[in-house]
Amino acid sequence: MERMWTIGNKMSSLRDGAAAIPRRQGTRTARPALLWWGWAAALFLLYAAVGARRQALIRTTGYDLGIFEQAVKAYAQLRAPVAPLRGDGFNLLGDHFHPVLVVLAPLYRIAPSPYTLLFAQAALLALAVVPLARRARQALGRRAAHVVAFAYGLSWGIASAVGFDFHEVCFAVPLVSYALEALALRRWRAAVAWAAPLLLVKEDLGLTLAAIGGYIAWKGPRGLGLATAAAGLLGSALEFEVLMPFFSPAGTYAHAANLEPAHGSLLATLAFAPLDAVRPEVKATTLVLVFAPAALIALRSPLAWLAAPTLGWRMLSQNAFHWGTSFHYTAVLMPVVLAAMTDALAPYRGSGDALGSRHVRASLVTTAAVTLVLIPSFPLAQLVHRSTWRSTAHVAAARDLLRRIPDGATVAASNRLVPQLTSRTDVVLFPTYPVHWRLYDTGAPVPPPAAQWIVHDRVPAESWPYPPGFWPYPEDRQEAELVKAEQAYGYRIVAQRDGITLLRR
């Protein structure tokens, strides 16, 4: 009996030991996850702080935060995404094809505020760091994962997106990031599953899906890759040629002028394309800066080719806004650059060669250094400026006057004042823009305002690092339209304070 008792104790001890082992392994397995999810949480707080302070300080704009809020607000009310800011009765699917915005409708229904969009964008951009850091740890080690997370999270491409309102491209960034991780692990079907929704984010991203399909056809199953490439090309063509003209009240693609041949004919444009892609010099500067966060090492990986569609249409566009480093246009490229860098360095670490290890370390140090050097020139640096954390008399005056406008009213407001009103009023831009749905045609006669209220701000808008100024019309023209509203259209001044004028008809 005693012997059986002893055997039973030993068996119990073995079971207890066996049970303990998975718990220790589970602890070790969980620790790496804290790395990338910790970075995601930190970056979310960083991005959310930038967006929230810009909104609180009246630095956000009707073009584009107000426009996107009107679309999401319409979805939340089970209506088509008509955005009056973009034009009378303008369905925003005719401007850019982004039905993915409908997923924000339940959140906006709960919290109808521009902060809902800004915080959603912060979360999506932060989420993209997870697969990048996870793949870097697997391929290069823990310290490299921290460097990759740092280089992505504080990269100028992401900073520029966070520092300028909300845009649909924030959905594409994590989708591309997860697709890149799947490509690196040769999980071809998973890569397609992550990349396919790009067709619902923006019309040009079908070209990125096609590039991913081309990569799969080259490195993996050819049939799957070719089918994916065809789906991307056909999807973009359908959106450009059929869907957006169908939804647009003008019956055409709203930004078609950006794609017109630069040299009069398609053949001449293609012939000069290599030179046009790097001139004027702002284009060449942007091309270098795109790969700077990875110290140009990303160019040694075939994954870098996935950046070609976005860079191609931007550099060949007729819109000068697409050429530079401002705004949101580079955000989707940052996961590509950092994933390509990891892919390029992975063979050196796996070689076991001391020289290869030194090369990896030197490359990572260079990446971190370049990221640090670029931070002060882009919007994340706003968080260390005193002005970001201090309100002003002008902001207080604006909030006081805006409170006088009742909920549900129709309002024509200056560009910077629009996002302060979008959630509770029907707001358009003052002076009227665009005219007959046409963008950039600021020489056209301005129609008379039809709103009950007008609120105009004559103080030049602040939005560091961009220069202060007036948009979409020069200061003198805006002043002339304000005088005309009072003298010819029956508006009367209700209040004036610190350069802000509130009128009611």
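Each residue takes its place number in the sequence, starting with 1. Since the structure is predicted, the reported quantities are computational estimates derived from the model, not experimental observations.
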Sorted by chain and number, sequence neighbours left out, ring pair (Phe, Tyr, Trp, His ring centres under 6.0 Å) with His167 holds for Phe68, Phe164, His328

Smallest heavy-atom separation, Pro335 atom then Val173 atom, equals CG-CG1, 3.7 Å

Here the ring pair (Phe, Tyr, Trp, His ring centres under 6.0 Å) pairs for residues 339-361, sequence neighbours left out, are Tyr348-His359

The complete set of side chain to side chain donor-acceptor pair (under 3.5 Å) pairs with one or both residues in residues 168-177, sequence neighbours excluded, reads none

Here the side chain to side chain donor-acceptor pair (under 3.5 Å) pairs for residues 142-153, sequence neighbours left out, are Trp39-His146

For Tyr47, the ring pair (Phe, Tyr, Trp, His ring centres under 6.0 Å) test, sequence neighbours excluded, returns none

Can you give the donor-acceptor pairs under 3.5 Å from side chains of residues 77-94 to other protein atoms, not counting sequence neighbours?
| unit_1 | atom_1 | unit_2 | atom_2 | d |
| --- | --- | --- | --- | --- |
| Gln77 | OE1 | Arg79 | NE | 3.0 |
| Gln77 | OE1 | Arg79 | NH2 | 2.7 |
| Arg86 | NE | Asp95 | OD1 | 3.1 |
| Arg86 | NH1 | Trp437 | O | 3.4 |
| Arg86 | NH2 | Asp95 | OD1 | 3.1 |
| Asn91 | OD1 | Leu93 | N | 2.9 |

Salt bridge or not between Arg135 and Asp343? Use side-chain N to carboxylate O under 4.0 Å.
no

Value for CZ (Phe240) from CZ (Phe97), rounded to nearest 0.5 Å, stands at 12.0 Å

Separation between CG (Leu125) and CD1 (Ile158), nearest 0.5 Å, reads 5.0 Å

Residue set satisfying ring pair (Phe, Tyr, Trp, His ring centres under 6.0 Å) with Trp313, at least two apart, ordered chain then number -> His322

Sorted by chain and residue number, the salt bridge (charged side-chain N to carboxylate O under 4.0 Å, His left out) partners of Arg438 (sequence neighbours excluded) come out as Asp441

Quick note, side chain to side chain donor-acceptor pair (under 3.5 Å) partners involving residues 97-124, not counting sequence neighbours, are Glu69-Tyr108

- Query: Does a donor on one side chain and an acceptor on the other come within less than 3.5 Å for Arg314 and Thr330?
  - Reply: yes

Open item on the list: Tell me whether Trp37 at atom CH2 has more than 12 heavy atoms from other residues, nucleotides or ligands lying less than 6.0 Å away.
Closed with: no

TODO: State, without any angle test, whether Gln55 and Thr60 hold a side-chain donor-acceptor pair at a distance under 3.5 Å.
DONE: yes

Going by atom type alone, with no hydrogens or angles, which donor-acceptor pairs under 3.5 Å involve a side-chain atom of residues 230-239 and a protein atom two or more places apart or on another chain?
| unit_1 | atom_1 | unit_2 | atom_2 | d |
| --- | --- | --- | --- | --- |
| Ser236 | OG | Glu203 | O | 2.6 |
| Ser236 | OG | Gly206 | N | 3.2 |

Arg186 meets the side-chain contact (heavy atoms from CB on, under 4.5 Å) criterion, sequence neighbours left out, with Trp188

In short, salt bridge (charged side-chain N to carboxylate O under 4.0 Å, His left out) pairs touching residues 362-381 with sequence neighbours left out are none

